[in-house]
J.: 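Let me begin by handing over the structure; questions about it come next.
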Amino acid sequence: MKKSRFSIPPRYLLFIITFICIAFFAIGFFAPGITDKVSDAISSVVMPMQKGMSNLSTSVSDGRDNITALKDAQAENEKLLAENERLKAELEKYEADQYELAHLREILALRDEYPDYDIVAAKVIQKDSGSWFNSFVINLGSDDGMKVNMNVLSGDGLAGIITEVGKNYSRVSAIIDDFSNISAMSQNSGDYCMVSGDLEAYENGRIRLGYIDKNDNIHNGDKIVTSNISDKYLPGLLIGYAEDIRVESNNLTKSGYIVPVADFDKLKTVLVIKTLKVTGGKS
Amino acid sequence: MKIKRILFTMIVIIIGFVLQNGVFNQMTWTSIVPNILLMITCTFGFMRGRQTGILVGVVCGLLTDISLGGTFGINTLFFAYLGWFNGLFFKMFFMDYIVFPMLMIVLSDVMYGVYMYVVKILVNGRLNFGFYLSHVIIPEAIYTFAVTILLCHIILVINFKLEEKEKRSAAKFV
């Protein structure tokens, strides 16, 4: 009697959900605008939560650091313990400041390197929460003028590209992601090649480099930058250094690996280039 | 009593989401994250039956979709089916037999891994399933298993207490 209010048979419930999801995929395929709005509406509710979580996890890791600091202090004289801890806390704060200073200086240097572009700094508020993707979320969204396909740099070079923009967040797909393909070239010779992310290669800290003509002049250690014919990436952004270039078994092309300059395990602050690549149609 | 149960479910899901997004993915020594939301879906599936399993699966799937990005609804669909699948074993579940839920959760996680490989990686033309199996699917299942030992038991115990209370208050009215 009590159950009568909610008793849809599970079979039908499952059927309804399947139908909704597939309808959603279909709409997303034929008219992406509508589904984007729906997912954006849901995300904008949850994203502030993400920010809070990010703060929470920072405090958790801070707590972890404090415990190790305490253990060191205990080995010392007990009388000095209180004094010691105070100094340590102070030192930690300075170290954090120092780290931030060094980081910001690095970013500033990078900003000078690409002076023509309109660059803003953004904070990474969430790393990928699953095991399958290499993307992260930054704290700027459409309110801050973010747009899809804006290039994202980390301290040293290209980190990724914006694939999804919400009101107060944007998702950045990293160049090591399985889906990432970048048209690139060697800075020395100007020969074109293709950089594609690969989870398997990234296990060894590398990403794939392919589609090089056999006669092209790309060697190990060459600087690989984004090419001028790419339709999404601005030309001349440093990706990494070529490694292990070999002629493939078809004897027509060469392929190898790139060691990316960006450090994807320690992303905290990134730079977004607000200048979009201009390609033919719209500007 | 129903409100209490819904509240309990919501709190569990939110805590799971926070744990997955705020704590476990910050551990930098590995890129593998235990799938806590999947664990919650499975637990509620075999603990409360198909209907609850499906509903919890939809909520958990939506949250996963939000945090992963990409095509919206892919996880929602699969989580709903996982909830239903685990709900099928509702009658086989007994409180003091802990091996069964563990087995179900690991099996579900592996199924989810294969599903993700097919819809996300295989369609992208990467055929080396062996690598993804050994580097993503199996480690994720092991991590989820490890976390399950801790969390699943807590959920089960609280649920057991709630059920006891419901039975008692029902008996009072008779």
Side-chain angles (χ1 to χ4, degrees), chain A residues 2-3 5-11 13-14 16-18 20-25 28-29 35-36 38-40 42-43 45-47 49-50 52-58 60-61 126-135 137 163-164 166 171-173 178-179 198-200 202-203 264-266, chain B residues 1-2 14 17-18 20-28 30-35 37 49-55 57-58 61-78 80-81 83-84 87-88 113 116-117 120-121 124 126 128 131-132 135-137 139-140 143:
Chain A
K2 220 175 172 186
K3 265 192 165 180
R5 242 175 67 208
F6 266 144
S7 67
I8 314 166
R11 212 173 308 140
L13 198 64
L14 207 60
I16 292 165
I17 288 159
T18 311
I20 292 172
C21 280
I22 289 175
F24 204 75
F25 296 154
F29 189 73
T35 52
D36 282 355
V38 174
S39 61
D40 186 41
I42 300 175
S43 301
V45 177
V46 180
M47 272 304 157
M49 236 161 88
Q50 298 275 21
M53 270 175 236
S54 164
N55 291 339
L56 181 91
S57 61
T58 319
V60 167
S61 67
Q126 189 214 325
K127 282 202 222 167
D128 47 348
S129 63
S131 314
W132 290 94
F133 305 101
N134 283 294
S135 64
V137 177
T163 50
E164 190 186 318
R171 189 178 298 280
V172 181
S173 169
D178 253 342
F179 302 94
D198 189 324
L199 214 58
E200 190 173 354
Y202 190 68
E203 290 277 303
F264 291 96
D265 292 333
K266 291 177 193 147
Chain B
M1 202 39 73
K2 193 142 203 169
I14 288 171
F17 185 57
V18 169
Q20 185 165 346
N21 281 287
V23 181
F24 284 110
N25 73 336
Q26 299 286 331
M27 297 181 175
T28 42
T30 168
S31 64
I32 305 294
V33 183
N35 209 331
L37 289 175
R50 280 173 293 179
Q51 194 184 328
T52 316
I54 293 169
L55 293 175
V58 167
L62 271 176
L63 288 171
T64 312
D65 270 329
I66 289 166
S67 61
L68 283 183
T71 317
F72 210 80
I74 279 190
N75 288 291
T76 313
L77 186 62
F78 193 74
Y81 272 92
W84 170 78
L88 290 178
M116 282 308 267
Y117 170 74
K120 287 288 186 185
I121 309 288
N124 202 25
R126 302 270 155 86
N128 44 355
F131 169 79
Y132 289 97
H135 283 72
V136 183
I137 297 174
E140 192 186 289
Y143 276 133

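Just so it is clear: chains get the letters A, B, ... in the order the sequence lines come, proteins before strands, and each one is counted from 1.
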J.: Relative to chain B, which segment of A:Glu200 carries a heavy atom at a distance below 4.5 Å: side chain, backbone, both, or neither?
T.: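 Both backbone and side chain.
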J.: Report the option among A:Val137, A:Ile17, A:Asp178 that has the most heavy-atom pairs separated by less than 4.5 Å from atoms of chain B.
T.: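 Most pairs with chain B among the choices: A:Asp178.
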J.: Is B:Asn128 close to chain A through its backbone or its side chain, or both, or neither, when contacts mean heavy atoms under 4.5 Å?
T.: side chain
J.: Of all of B:Gly49, B:Gly57, B:Gly87, B:Gly73, which one pairs up most often with chain A through heavy atoms under 4.5 Å apart?
T.: B:Gly73
J.: Looking at every heavy atom in both B:Ala80 and A:Leu14, which two are closest together, and how far apart are they?
T.: O-CD1, 3.7 Å
J.: Between A:Leu13 and B:Trp84, does a side chain to side chain contact (heavy atoms under 4.5 Å, CB included) hold up when you go through it step by step?
T.: CA-CA 10 Å; A:Leu13 198 64; B:Trp84 170 78; over 6 Å; no
J.: Using non-hydrogen atoms only, which part of A:Asp198 is less than 4.5 Å away from chain B: side chain, backbone, both, or neither?
T.: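 Both the backbone and the side chain of A:Asp198 come within 4.5 Å of chain B.
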J.: To the nearest 0.5 Å, what is the distance between OH on B:Tyr81 and SG on A:Cys21?
T.: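 Rounded to the nearest 0.5 Å, the OH-SG separation comes to 9.0 Å.
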J.: Nearest 0.5 angstrom please: A:Ile22 CD1 to B:Leu77 CG, how far?
T.: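 Reported value, rounded in 0.5 Å steps: 6.0 Å.
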J.: Is the shortest side-chain heavy-atom distance between B:Ile74 and A:Phe25 below 4.5 Å?
T.: yes
J.: If every non-hydrogen atom of A:Arg171 is compared with every non-hydrogen atom of B:Ile66, which pair is closest and at what distance?
T.: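 Minimum heavy-atom contact is NH2-O, 2.8 Å.
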J.: Can you tell me how far CZ of A:Phe24 sits from CG of B:Asp65, rounded to the nearest 0.5 angstrom?
T.: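 Rounded to the nearest 0.5 Å, the CG-CZ separation comes to 9.0 Å.
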